[in-house]
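The first residue of the sequence shown is numbered 1, and numbering continues consecutively from there. As the structure lists them, so they are numbered: ligands from 1, and atoms in each ligand from 1.
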Amino acid sequence: MEIDMKKSKIKVAVIGAGFSGILAGIKLREQGIDFEIFEKASTLGGTWRDNVYPGVACDVPSHLYVYSFAPNPRWSHRYADGSQIWRYLEKTAKKYRIFEKITFDTEIASAEWQGDRWKLTTSAGKLSFAEIVITAVGRLHHPSMPNLKGLDDFRGEICHSARWDTSFDERGKSIGIIGTGSSGVQIIAALSASASRLTIFQRTPHWVLSVPNPATPFLTKMAMRLPFVAKYYYKKLQRDFAKLTAGVGSGEDALIARAARKHLKRVRDPVLRAKVTPDYTPGCKRMVASPNYHEAIQRENVEIVTDAIERIVPEGIRTVTGRTVNLDAIVLATGFQAGAFLRPMKVVGADGVTLDAIWSDLDINYKTVALPHMPNFFMINGPYSPGGTIPIIAIAEIDVKYIMKCVEHIRRNDIAMAPSMDASRNWLNGVRNRASQTVWVTGGCQSWYLGKDGVPIVNPANLEELSEDLRAIELDDFVIFRKIESDRSREYA
Ligand SMILES: Cc1cc2nc3c(=O)[nH]c(=O)nc-3n(C[C@H](O)[C@H](O)[C@H](O)COP(=O)(O)OP(=O)(O)OC[C@H]3O[C@@H](n4cnc5c(N)ncnc54)[C@H](O)[C@@H]3O)c2cc1C
């Protein structure tokens, strides 16, 4: 749809051009609302632009890892690699004419509410204005660096999984890898085939599902071109996935948990099997899926070291037992600062209330999408979004559907709205109470799901529950600020 400036009246600023930001753009265009997407990098893609390490792939079936309205009949495998996912997003953004609405190389450093609209300041000091802000800045964006003594002294190469140097050649090298979560497992499987030695420094083993990754049959590719087949298949996968994971949050013996236990038997050597057998309940940490991890760790050139790391030394890694493993390169698969939501952006809402003031420990939130004192400010995949193995694009679609209802309400009534503090606290208390009964707390592990006080910063809701929570705007939960009185004719800087 063409954007009708008379109908639009308002402008929406979307921050971030990953899956979530592109989705917001598509839906804003459909609704005829004027918008601009700000992206700090020179291209779109977020996660799939930044994570280009060997073996990167999605770990939910690719036909489910799409926008529900934009199936992709071309996926080469059940779990597509990262470059295909990036291309899918690029193609979809082109199809829906989103590229022309993205301002690249533009990081939003601050957002300040001006009484009737938001003033956005880029890190280069440029100003922009919008009545509504939608943040789509990602939950897994800022890499987490391990706090290891001597890291700067290492003489070889150091690669973080989320900032991979694509010129790095692992062939013939002795490589150490720290981290055995989703990215670590994918890197281990890939590098084990080409590195001369791969030493895995494992602090905690993960539950790994050994999932086959067959090529997509030709007939499936053909059938998926038919919209009704694609729609049916997406829904079927969603149902199957929900069945597989049902109960895992409450620590029940869910199908997925049973499968993970069974798959461990693929490790033939009992000593090695004991090393990779977690001592916590499946589901406590995000479960990992891999077609070839169990084979990779049984290769001759692969060793798992479970002794803690004492320090990094110029020639390699020294463990607490005094052993030094000589290495040419160290791979850090140490994940992300998952609690750094929206940061380092400075956000100042109504009456000068800052994000830092209301978020000492992410402890205020309204239904994952809005914040008190922040009028016309919305988040996609915000804090307390569902965790576990739920495909994130489906969560983003539910968030955006709700946000679009709010955008329409704001546009039609010329208002600014933010949830009240009481409604936010009530909602969050409910989620935190429920979250503290989950396997994330009771399962006997530490994970990035847990906030500083040990209560998860993720929501135990499944997709249906989230959908129900975000079905309609509950106006009683909102504070309505003064009418938007900006001069519609003024130029946006
Ligand atoms: C290796 C890896 C594999 C994954 N696999 C799966 C999977 O199989 N299934 C699944 O559901 N999820 C998976 N995820 C989670 C994944 O992050 C989400 O599925 C999804 O890609 C998130 O999209 P997003 O748009 O919300 O965030 P992101 O992809 O992180 O995009 C955020 C964008 O915002 C930009 N940005 C941030 N701050 C600013 C700012 N201040 N100004 C301007 N721009 C800004 C960033 O540059 C980035 O482009 C995976 C994550 C990783 C790291």
More than 12 heavy atoms of other groups within 6.0 Å of [X] [atom1]:
X	atom1	value
E100	CD	yes
R471	CZ	no
Y232	OH	no
Q446	CD	no
F168	CZ	yes

- Flag the pair W448 / F336 as yes when their ring centroid distance falls below 6.0 Å, and as no otherwise. no
- Message: With a 6.0 Å cut-off on the ring centroids, do F19 and Y67 count as close?
- Response: yes
What I'd like to find out is whether the side chain of [X] reaches to under 4.5 Å of the side chain of [Y], using heavy atoms alone.
X	Y	value
S110	V348	no
V331	W164	yes
L23	S20	no
C159	L332	no

What atoms in ligand 1 come closer than 4.0 Å to a heavy atom of [X]?
X	value
P391	11 (O)
C58	8 (O)
G46	28 (P), 29 (O), 31 (O), 48 (C), 49 (O)
R49	46 (C), 47 (O), 48 (C), 49 (O)
F38	43 (C), 44 (N)
A136	32 (C), 33 (C), 34 (O)
V60	8 (O), 9 (N)

Closest non-hydrogen protein atom to [atom], residue and atom name please, with distance?
atom	value
atom 11 (O) of ligand 1	I392 N, 2.7 Å
atom 29 (O) of ligand 1	T47 N, 2.8 Å
atom 3 (C) of ligand 1	W48 CH2, 3.5 Å
atom 25 (O) of ligand 1	S20 N, 2.9 Å
atom 47 (O) of ligand 1	E39 OE2, 2.7 Å
atom 44 (N) of ligand 1	K40 N, 3.1 Å
atom 1 (C) of ligand 1	Y53 OH, 3.3 Å
atom 7 (C) of ligand 1	D59 OD1, 3.5 Å

Report the member of [options] with the shortest heavy-atom distance to [atom].
atom	options	value
atom 38 (N) of ligand 1	V137, I85, I393	V137
atom 27 (O) of ligand 1	A394, G138, G45	G138
atom 18 (C) of ligand 1	F19, Y65, F336	Y65
atom 46 (C) of ligand 1	H141, R343, E107	H141

For [X], which part has a heavy atom under 4.0 Å from ligand 1: side chain, backbone, both, or neither?
X	answer
I15	side chain
A396	neither
N381	side chain

Before signing off on this row, confirm whether [X] and ligand 1 have an N or O atom pair separated by under 3.5 Å.
X	result
S183	no
Q186	no
R139	no
A57	no
R286	no

- Does the side chain of Y449 pick up a donor-acceptor pair with the side chain of R286 at under 3.5 Å? no
- Query: So is T106 close enough to ligand 1, meaning a heavy atom under 4.0 angstrom away?
  - Reply: yes
- Result of checking F241, Y88, W48, Y234 against Y65 for ring pair (Phe, Tyr, Trp, His ring centres under 6.0 Å): W48
When you measure from the centre of the six-membered ring of [Y], is the NZ or CZ of [X] closer than 6.0 Å and no more than 45° off the axis?
X	Y	result
R261	W207	yes
K94	F99	yes
K101	F35	yes

